Amino acid sequence: MKITRLLFTLALFLLLSAPAFADSLLSGSNLAHRPFSLSAKRISTWKKEGTRVFIAEKNAGVSQGPFYIVADNVVCWFHEEESMQYEDAIIEVYCEGNVTVFHGENYEKFEQVYLKFVTLTGIEVNPDILPIVFFEEAQPMPFFLRGEDIRSRGEEEFLSMETPETIKTKDQREKEELIDIIADQIDSWEEGDRRIVVALGNVKIKREDMTVDADSIILWFDKSALPDVTQQSMALPLSELYAEGNVTMRRENDFLIADRIFEQMAEDRGIILDGKIKTTIQSGQEEDVSGQDAAFRSKKDKFAGLKDLPAHVTAEEIHHVGKGRYEIENGQITTCGYGHPHYHFQGKKIRLIQSEGHNIISSKDNFFYLDRYPVAYFPYISLDIQKKEKLLRDWTFGSSSRFGTFIRTDWDLYVAAGGKQKEWSDLIFKLDYLQNRGIGTGFDFGYRGQDLFGSVETYYLNDHGEYDINRIPIDKEDRGSILWRHRQELPYGVRMDTEYSYLSDPRFLREYFPQKFKTEKDRETVFYLRRTEDNRAATFLVNQQLNGFDTTVDSLREKNYAERLPEVKYQIISEPLLDNRMLFSSESSITYFNNTVEQSADFRKYHPALAGFDSGTVNEATETRPVARIDSVARVSFPFKPWIFNINPFVEGRATGYSESIDTSDGVAEEHGDVTGRFIPTFGLDWSSTHWRTYSVYNDFFRINRLRHIFIPELRYIYSPFVTRDPDELYQYDEIDALDSSQILVMGVKNKLQTKRGNPGHEKTVDFIDFNLDYYMFPTNSGIYTEGINGIIVRKDNFINLDFRCQLNDIVAIVSERNEFNTEEFQFDVLSYGAEVVNPPDWQFFAGHRFIRDISSMIMLAANYQINEKWSIMGKEKYDLKTSLADDDDGEGRREERKNLKTSFVLSRYFHDWVGSITLELDPIRNDNSYRFDISPKGLQQTTSRFWF
């Protein structure tokens with residue numbers, strides 16, 4: 001038995017001259033300057049005839065530059081005695097078992113790989129768990145012998161997909177147990193086939209998969225477990241262990257604390273007295289959270305923040321009944337690490353089962369305690385805490401003037417049902433109780449597979465209320481939604497996206513899911529195919545609104561929605577021509593517009609002037625009809641860079657054809673117009689230049705340590721001199737149909753002042769001042785056509801767009817963003833400004849004002865104060881000093897009034913693992929006053945947040 005306590009990293013600089021091997025998979029002079037690294041859970045080495053051999057076992061890894069190899073086992077050879085004589089050196093590497101060779105983003109899988117590496121910088125050998133073990137003689141391990149056989153052939157490299165043949169000689173090395181014993185006093189003797197080791201005083205035992213600390217430990221080693229021929233040369237296997245006094249045992253992610261522990265190693269059984277098992281909610285390896293997995297996981301999983309949060313199981317007796325299996329009578333389960341936990345489950349029979357990828361705790365007859373007081377009873381619970389699976393995924397309860405007392409919960413049905421479906425799907429049951437509105441239920445089902453993922457969300461509520469927001473009567477009691485989204489990667493680089501959406505009414509999302517209503521994309525029924533290759537893309541789209549209304553805006557803000565049945569599009573982006581002197585871009589589409597979602601009666605009632613896309617042009621007598629449209633736009637640009645200027649002139653032409661137009665002959669709108677088309681030529685120029693200069697300016701108050709000024713002037717000119725057919729004669733489906741002759745000139749300048757702040761030697765560049773200005777001019781009174789919330793809108797007034805931010809010091813910042821100054825009427829259309837004061841972690845304050853001409857003048861105050869390490873309070877206030885409202889139902893008269901928009905207070909209590917919060921909220925816009933209580937993992941809380949409008 002070899003015992004060693006030496007833990008180090010070898011840096012052996014190899015200077016061995018090597019023959020050229022240009023055809024080798026990893027050869028190349030650019031790699032020779034990169035360090036070569038070998039790592040594994042267990043590494044051993046020996047030296048024979050001037051050659052040093054390294055054996056890496058379990059999760060072995062080899063890396064040099066962009067190349068990285070992982071395998072079950074790795075063998076490395078180098079000539080230690082000759083390494084001092086030559087400039088470069090060759091490292092021979094043999095990898096066996098689940099071999100993966102990575103090169104950047106590419107990888108290949110093999111069963112056997114033999115390669116040669118060249119290095120000028122050396123080799124690093126890093127064991128992950130145990131210290132490096134030194135042997136005096138070569139160890140005849142089967143994979144080492146197979147590597148020697150391949151090496152003896154003299155090949156430069158060997159790659160094989162086949163599993164290597166098994167060597168009849170037993171791998172005696174697998175039975176050997178290397179144990180490190182540290183103690184104040186150690187005694188040892190033999191009794192028959194056993195060797196007994198007694199260690200007393202500050203004992204520490206280290207084994208590959210276990211570390212034990214105690215006041216005293218007895219070890220039993222069994223000779224009978226070894227073949228007779230190997231007993232003299234091999235270490236004895238550990239058969240039993242008894243530890244007493246302040247015992248701690250570490251096994252992978254688990255940590256055991258007890259007064260006494262007895263373990264039978266051969267049978268993986270034992271008993272733990274007055275013990276506690278501490279395990280973790282998530283394994284140490286990072287979980288893959290790619291874009292596909294992020295869409296698959298439930299968005300309401302608040303336990304995503306519980307990574308590495310410990311779970312404790314405590315009892316007077318804990319029986320170890322098998323590998324990774326424990327049984328406990330009358331034990332406690334909690335995530336609170338205190339000696340007297342603030343909360344815990346008390347169970348009569350608890351089982352802990354640990355296996356690869358799972359860490360399951362189940363318990364019968366459970367009482368949930370807050371401190372010493374039982375508050376709930378659960379007949380049975382079963383949680384896979386390593387997979388973060390919780391029966392109750394999310395919960396919120398409180399009271400609201402609109403909903404009454406409410407409780408909203410999400411339940412993971414797979415926790416109770418189990419099964420392999422958890423590996424590829426997620427099923428959440430939503431159960432909500434709203435006192436004034438009824439009971440809401442629904443399912444969230446997520447799924448994923450190879451090259452596909454998707455989700456289905458449903459919700460249903462029999463609404464007992466009479467009015468929605470803005471006192472709009474509820475038309476139907478049965479309300480709800482269905483949403484299915486699916487993405488799949490098809491052969492030949494084609495991606496398919498499908499979506500189906502149903503909403504019972506246009507106000508459902510705003511009433512019951514305001515966050516989704518404000519932030520998510522339009523809900524629609526879509527079939528979409530896309531194929532991209534280099535700078536080209538082809539798409540196929542079928543888009544229909546089965547609901548009959550736009551799904552993310554209510555009846556007061558509804559916009560038109562054009563259905564495409566179907567649309568085929570092909571794009572080319574910046575194709576070089578004439579040896580990169582020209583760039584060609586184009587987009588061509590064929591679209592059949594089946595219908596346009598009509599504006600509702602409520603919308604026309606409150607906004608009669610916006611009932612069409614352009615008041616006075618498109619009205620109810622000329623509503624849109626099914627029309628086929630062919631559109632193609634091509635642009636040729638000529639970028640060049642004389643001296644310090646970037647200049648890009650371009651020429652563009654757009655041709656559009658329609659199967660039908662609006663016939664306005666003799667002032668009478670006919671049912672069908674003629675087939676028509678039009679052409680729009682466009683000329684333009686982009687110009688910019690970058691300049692910078694550094695000034696020796698210093699100021700202690702503003703913490704200025706020199707200033708660098710970056711100055712970027714820009715100019716953009718776009719001119720469409722004519723259109724062959726006026727847009728008023730066309731049905732309006734999107735911004736293409738609204739294009740008209742126009743002339744736009746944009747002159748802008750970006751300014752940035754930078755300085756350095758921080759301790760000497762650790763300074764960082766910070767932006768002291770950002771000031772951007774863009775002047776939009778429309779010489780021919782034809783402006784910008786854009787997609788607004790009420791359809792196609794146009795901006796014709798000349799205006800200046802201004803953005804400003806100044807970080808005065810580490811605490812105070814002045815912000816003024818998204819401002820628009822009307823130069824024709826010489827006043828601001830939009831003006832917003834505010835000041836942030838941040839002094840973490842104690843307090844944070846913001847005061848700001850936003851002005852929108854003829855609409856609102858809102859002030860916002862917000863503050864967050866950390867009272868002490870356990871309590872914090874946050875408050876926000878939004879108040880409009882000038883809200884513009886209609887006097888009567890026809891909307892002709894206007895009046896102004898002051899109005900509170902929203903007031904909220906949040907009081908938070910910080911526990912060692914959780915954060916509890918009480919929220920009070922006054923929302924006159926929704927006509928809702930509410931309070932709610934929530935509890936969240938500490939990891940989900942932000943220490944600071946930016947307050948803004």
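Note that this is a predicted model, so its numbers are computed, not measured. Heads up: numbering here begins at 1 and tracks the sequence. FYI, side chains are in, hydrogens and waters are out, and symmetry mates aren't considered; it's all heavy atoms of this structure.
Scanning both residues, Q807 and A813, for their nearest heavy atoms gives OE1-CB, 3.5 Å. Nearest heavy-atom pair across T532 and A537 is CG2-CB, 3.8 Å. Considering all non-hydrogen atoms of both residues, P721 and S741 come closest at O-CB, 3.8 Å. Shown here for D728 and I662, the closest heavy-atom pair between the two residues is O-CD1, 4.1 Å. When all heavy atoms are compared, the tightest approach of F650 to L685 is CE2-N, 3.6 Å. Here the shortest heavy-atom pairing between P642 and I647 reads CG-CD1, 3.8 Å.
Side-chain contact of E877 with T903: a donor-acceptor pair under 3.5 Å is present, judged by distance alone. With no hydrogens or angles considered, a side-chain donor-acceptor pair links D767 and Q754 at under 3.5 Å. Looking only at atom types and distance, the side chain of K876 has no donor-acceptor partner in the side chain of S904 under 3.5 Å away. Inspection of the N772 and D803 side chains reveals no N or O donor paired with an N or O acceptor under 3.5 Å. S588 and S632 form a side-chain donor-acceptor contact under 3.5 Å, judged by distance and modelled atom types alone. Between the side chains of N543 and E524, a donor-acceptor pair is found at a separation under 3.5 Å. Side-chain contact annotation: T525 with S501, donor-acceptor N/O pair under 3.5 Å absent. Side chains of Y865 and Q844: a donor-acceptor N/O pair is absent below 3.5 angstrom, by distance only. In the model, R725 has a side-chain atom that pairs as donor or acceptor with a side-chain atom of T676 under 3.5 Å.
Taking the six-membered ring for Trp and thresholds of 30 and 60 degrees, F778 and F799 have ring planes inclined between 30 and 60 degrees apart. Using cut-offs of 30° and 60° for the angle between ring planes, the F540 and F527 rings count as perpendicular.
Using a cutoff of 4.0 Å between basic side-chain nitrogens and carboxylate oxygens, K752 and D770 are scored as salt-bridged. Of the charged side-chain nitrogens involved, at least one lies within less than 4.0 Å of a carboxylate oxygen, so that R716 and D686 count as a salt-bridged pair. Taking the charged nitrogens against the carboxylate oxygens, R757 and E763 have no contact shorter than 4.0 Å, which rules out a salt bridge. Ionic pairing of R850 and E817 is not present here: no N-O contact between side-chain nitrogen and carboxylate oxygen is shorter than 4.0 angstrom. Contact check on D923 versus K878 returns no salt bridge, with no Lys/Arg side-chain nitrogen under 4.0 Å from an Asp/Glu carboxylate oxygen. Under 4.0 Å is where a charged nitrogen must lie from a carboxylate oxygen, and between R523 and E499 no such pair does. Using a 4.0 Å cut-off between charged nitrogen and carboxylate oxygen, D631 and R654 count as a salt-bridge pair.
Between atom CD1 of residue I680 and atom OG of residue S720 there is a gap of 6.5 Å, rounded to the nearest 0.5 Å. For the atom pair OG of S574 and CG of N580, the computed distance is 11.0 Å after rounding to the nearest 0.5 Å. With rounding to the nearest 0.5 angstrom, the CG atom of L715 is 5.5 Å from the CG atom of L745. Here the OG1 atom belonging to T690 is positioned 8.5 Å from the CD1 atom belonging to I644, to the nearest 0.5 angstrom. For the atom pair OG (S589) and OH (Y570), the distance works out to 14.0 Å, reported to the nearest 0.5 Å. For the atom pair CG of N900 and CG of D880, the computed distance is 10.0 Å after rounding to the nearest 0.5 Å.
Side-chain atoms of W692 and H709, non-hydrogen and from C-beta on, never get closer than 4.5 Å to each other. R629 is listed as a side-chain neighbour of I736, based on a closest heavy-atom distance under 4.5 Å. The closest side-chain heavy-atom distance from E735 to D737 is not below 4.5 Å. Side-chain atoms of Q732 and P727, non-hydrogen and from C-beta on, do get closer than 4.5 Å to each other. Within the 4.5 Å cutoff, no side-chain heavy atoms of C806 are placed close to those of F771. Side chains of I800 and T823 form a contact here, defined as non-hydrogen atoms less than 4.5 Å apart. Taking the side chain as every heavy atom from C-beta outward, F593 and R564 approach each other to under 4.5 Å. L583 places none of its side-chain heavy atoms less than 4.5 Å from the side chain of V636.
Between the side chain of N759 and the backbone N or O of H762, no donor-acceptor pair lies under 3.5 Å. Judged by distance alone, with hydrogens and angles left aside, the side-chain atoms of T755 form a donor-acceptor pair with the main-chain N or O of N705 at under 3.5 Å. Side chain of R581 to main chain of L578: a donor-acceptor pair is present (N/O by atom type, distance under 3.5 Å, no hydrogens or angles). A distance-only check finds a donor-acceptor pair linking the side chain of S816 to the backbone of S832 [under 3.5 Å].
Atom CG of L577 has more than 12 heavy atoms from other residues, nucleotides or ligands within 6.0 Å. Atom CG of N699 has more than 12 heavy atoms from other residues, nucleotides or ligands within 6.0 Å. Few gaps surround CZ on F640; more than 12 heavy atoms of other groups in view lie less than 6.0 Å from it.
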List the steps and the verdict of side chain to side chain contact (heavy atoms under 4.5 Å, CB included) for Y775 and N798. CA-CA 8 Å; Y775 186 19; N798 298 340; 4.3 Å; yes
Using the side chain to side chain contact (heavy atoms under 4.5 Å, CB included) rule, take K569 and E587 through it: C-alpha gap first, then chi angles, then the decisive distance, then the call. CA-CA 7 Å; K569 186 181 295 185; E587 179 178 301; 3.7 Å; yes
Applying side chain to side chain contact (heavy atoms under 4.5 Å, CB included), run through N535 and E575 and close with a yes or a no. CA-CA 7 Å; N535 63 335; E575 177 72 19; 2.8 Å; yes
ring-ring contact (aromatic ring centres under 6.0 Å, His included) between H849 and Y833, intermediate numbers included: CA-CA 6 Å; H849 174 238; Y833 54 89; 5.3 Å; yes
For side chain to side chain contact (heavy atoms under 4.5 Å, CB included), just list the numbers for F711 and L753, CA-CA rounded to whole Å, side-chain angles, deciding distance to a tenth of an Å, and then say yes or no. CA-CA 9 Å; F711 176 77; L753 285 175; over 6 Å; no
Carefully, step by step, assess T765 and K756 under the rule side-chain hydrogen bond (donor to acceptor under 3.5 Å, both in side chains). CA-CA 5 Å; T765 300; K756 285 188 174 290; 3.2 Å; yes
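Every ring pair (Phe, Tyr, Trp, His ring centres under 6.0 Å) that F828 has, sequence neighbours left out, goes to F821. Annotation: ring pair (Phe, Tyr, Trp, His ring centres under 6.0 Å) contacts of F645 (sequence neighbours excluded): W643, W687.
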